[in-house]
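For reference, the structure discussed in these notes is given below.
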Amino acid sequence: MPTAVLTDRERTAVQAYLRLLHTVRAAFDLETDPRGSHRPPVVPPGVLAEAEEALERAGLTGNEEEFFRLLQNWCPEPGPWAGGR
């Protein structure tokens with residue numbers, strides 16, 4: 001299993017992205033309550049801002065291919081970023 005040695009900034013960007021991903025998933029899981037009424041998913045703006053800022057500090061803004069390569073190497077289990085592979 002390959003391991004990637006990330007810089008502190010790259011690791012922070014990956015962790016911020018994973019927090020964002022888990023927050024979005026949780027928001028969509030709560031979209032329907034047991035009575036069947038629908039609520040729009042809410043993602044706190046701070047979570048998104050944290051991920052964007054971390055990507056920018058790591059120099060990965062606009063370089064999604066590199067970012068997802070780092071993400072896949074650091075967290076190799078299949079996930080939505082890997083197309084479910």
So which atom in [X] and which in [Y] form the shortest heavy-atom distance, rounded to 0.1 Å?
X   : Y   : value
T61 : E56 : OG1-CA, 3.1 Å
V43 : L20 : CG1-CD1, 4.0 Å
A51 : A16 : CA-CB, 3.7 Å

With rounding to the nearest 0.5 angstrom, report the [atom1] to [atom2] distance, [X] to [Y].
X   : Y   : atom1 : atom2 : result
Y17 : E52 : OH    : CD    : 13.0 Å
Q15 : L6  : CD    : CG    : 9.0 Å
R69 : N63 : CZ    : CG    : 9.5 Å

Next on the checklist: Evaluate T23 against L48 for side chain to side chain contact (heavy atoms under 4.5 Å, CB included), listing each step before the verdict.
Outcome noted: CA-CA 9 Å; T23 301; L48 181 56; over 6 Å; no
Checklist entry - Is there a donor-acceptor pair under 3.5 Å between the side chain of E10 and the backbone N or O of T7? => result yes
Item to check | Residues in salt bridge (Lys or Arg N to Asp or Glu O under 4.0 Å) contact with E53, at least two apart in sequence or another chain | outcome: R57
Checklist entry - What's the verdict on side chain to side chain contact (heavy atoms under 4.5 Å, CB included) for L70 and L60, showing C-alpha distance, side-chain angles and the deciding distance? => result CA-CA 10 Å; L70 289 171; L60 295 167; 3.9 Å; yes
